[in-house]
Enquirer: 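Structure below; questions to follow.
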Amino acid sequence: MSQVFKISEQVAEALKDGKPVVALESTIISHGMPYPQNVETANAVERIVKENGCVPATVAVINGVLTVGCDSGEIELLGKLGTSVAKVSRRDLPVIVAKKQNGATTVAGTMYACTLAGIDVFATGGIGGAHRNADKTMDISADLDELRQSNVAVVCAGVKSILDIGLTLECLETRGVPVIGYQTEDMPAFYTQKSGFKTDYRLDSPLEIASVYEAKRGLGLNGGMLVVNPIPSQYSMDEEYIEEKIGKALSEADNLGITGKNITPFLLDKIQKLTGGNSLKANIQLVYNNVRLACEISKSLAEIRRKGGVK
Ligand code: PSU
Ligand code: MN
């Protein structure tokens with residue numbers, strides 16, 4: 001059989017040596033932001049990971065190979081292709097690989113690659129979740145089911161209120177996924193620091209988060225952990241303003257009958273256009289903030305393991 005999975009040399013070496021690695025998804029590049037800001041952000045993220053003493057591992061399907069550790073040319077390609085490249089969640093992986101196509105991995109697709117590679121920490125902007133009318137449509141992102149089964153700590157800024165945040169939290173509870181607020185009790189709503197919902201636990205240091213992750217592993221509890229990191233206050237958006245734009249985007253999607261895998265990218269694009277790029281600025285900054293926290297967690301985890309792990 002031809003090669004279906006590849007870890008870049010740099011990432012493989014770091015993993016072998018117990019060095020801290022941070023995984024990054026690629027749907028956020030192709031479907032989450034416009035070109036060229038998407039490529040600029042992805043490159044800046046790689047730089048931030050390195051500056052913070054970790055090895056970046058951007059994940060995507062490149063010519064049919066699920067690749068952990070994309071190079072800058074591959075990142076540029078995904079950014080330029082934008083929404084014309086396949087959006088690859090768990091169910092899409094075998095098809096895009098067999099057809100030898102390119103694909104940008106979602107949180108679910110990236111978490112699966114992390115499991116294959118043995119990467120424990122993954123940073124992104126926001127995860128998918130239960131959509132606002134999920135009680136009727138059953139539109140619940142595969143990201144939530146992946147969190148049930150893949151052993152990865154995912155650092156995000158919560159979920160956008162394009163989703164039903166309360167229902168998303170219920171789905172996570174059912175799936176046994178701990179939702180950890182970093183230095184907060186509040187579940188953030190991506191563009192804002194609060195959603196009106198609470199997290200399961202508040203932890204105040206990367207070391208505590210890493211210890212919980214290791215305890216989970218020690219117990220043989222399969223599945224992920226969701227670390228929610230609120231957008232820094234200087235970049236957070238006015239709640240009423242963003243809610244109004246989200247409402248508009250949702251009703252437009254409804255009028256156009258957009259469903260399935262197209263709905264999330266449609267809403268992300270609409271919101272960016274309706275806010276005249278303001279939301280993109282906030283989005284970029286919260287990603288950087290999550291990447292920095294993920295680096296600290298990954299370094300703490302490496303340190304715990306160097307000292308012999310949680311007993
Ligand atoms: N939410 C965002 N930005 C994103 C996504 C979600 O704020 O870029 C992307 C992520 O890749 C996520 C995917 O995994 O959308 C979820 O898509 P769906 O709802 O179709 O599962
Ligand atoms: Mn969906």
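Counting from 1, the numbers follow the sequence of the chain as shown. As the structure is a computational prediction, the values presented were derived from the model and not from experiment. In listed order, ligands and their atoms are each counted from 1.
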Enquirer: Which is it for V107 and ligand 1 at heavy atoms under 4.0 Å: side chain, backbone, both or neither?
Expert: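 Within the 4.0 Å criterion, V107 contacts ligand 1 through backbone and side-chain atoms alike.
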
Enquirer: Give, for atom OG1 of T199 and atom CD of E185, the distance between the pair rounded to the nearest 0.5 Å.
Expert: 7.0 Å

Enquirer: Ignoring hydrogens, just give me the one of I263, L268, I28 whose non-hydrogen atom is nearest atom 3 (N) of ligand 1.
Expert: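 Result: the heavy atom closest to atom 3 (N) of ligand 1 is in L268.
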
Enquirer: Using a strict cut-off of 4.0 Å, indicate which atoms of ligand 1 neighbour a heavy atom of T27.
Expert: 11 (O)

Enquirer: Should E244 and K248 be marked as a salt bridge (charged side-chain N to carboxylate O under 4.0 Å, His left out) after you check the CA-CA gap, both sets of side-chain angles, and the distance that decides it?
Expert: CA-CA 6 Å; E244 194 240 332; K248 271 203 180 130; 3.2 Å; yes

Enquirer: Could you walk me through whether E296 and R292 satisfy the salt bridge (charged side-chain N to carboxylate O under 4.0 Å, His left out) test, starting with their C-alpha distance in whole Å, then the side-chain angles of each, then the deciding distance to 0.1 Å, before giving a yes or no?
Expert: CA-CA 7 Å; E296 294 311 310; R292 287 189 289 264; over 6 Å; no

Enquirer: What about S141: any of its N or O atoms under 3.5 Å from an N or O on ligand 1?
Expert: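 Checking ligand 1 against S141, an N or O pair does fall under 3.5 Å apart.
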
Enquirer: Regarding S150 and E146, do their side chains bring together a donor and an acceptor under 3.5 Å, going by distance alone?
Expert: yes

Enquirer: Does a salt bridge link E239 with K194, judged by any charged N lying under 4.0 Å from a carboxylate O?
Expert: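 Answer for the salt bridge query: no.
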
Enquirer: Among all protein heavy atoms, pick the one closest to atom 1 (N) of ligand 1 and tell me residue, atom and distance.
Expert: G126 O, 3.5 Å

Enquirer: Which ligand 1 atoms does F190 reach within 4.0 Å, using its non-hydrogen atoms?
Expert: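 Within the 4.0 Å cut-off of F190, ligand 1 contributes 7 (O).
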
Enquirer: For atom 19 (O) of ligand 1, what's the nearest protein heavy-atom neighbour? Residue, atom name and distance, please.
Expert: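 The closest one turns out to be T264 OG1, 2.8 Å.
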
Enquirer: Starting from atom 11 (O) of ligand 1, locate the nearest protein heavy atom and write down its residue, its atom name and how far away it is, to 0.1 Å.
Expert: E25 OE1, 2.6 Å

Enquirer: At a 4.0 Å threshold, what atoms of ligand 1 neighbour a non-hydrogen atom of D143?
Expert: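 Here the atoms of ligand 1 in question are 12 (C), 14 (O), 16 (C).
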
Enquirer: Just by distance, no angles: are the side chains of T110 and T105 close enough, under 3.5 Å, to form a donor-acceptor pair?
Expert: yes

Enquirer: Can we say R305 and D120 salt-bridge, meaning some charged N sits less than 4.0 Å from an Asp/Glu carboxylate O?
Expert: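 The answer is yes: the pair qualifies as a salt bridge.
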
Enquirer: Give the atom name of whichever N/O/S atom in D139 sits closest to the Mn ion (ligand 2).
Expert: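 Considering only N, O and S atoms, D139 comes nearest to the Mn ion (ligand 2) through OD1.
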
Enquirer: Can you tell if the side chain of L147 reaches within under 4.5 Å of the side chain of R175, non-hydrogen atoms only?
Expert: no

Enquirer: Quick check on contacts: which atoms of ligand 1 are under 4.0 angstrom from a heavy atom of K160?
Expert: 2 (C), 3 (N), 7 (O)

Enquirer: If you count the atoms of ligand 1 from 1 in the order shown, which ones are under 4.0 Å from a heavy atom of K87?
Expert: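 Counting atoms of ligand 1 from 1, those under 4.0 Å from K87 are 17 (O), 18 (P), 20 (O).
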
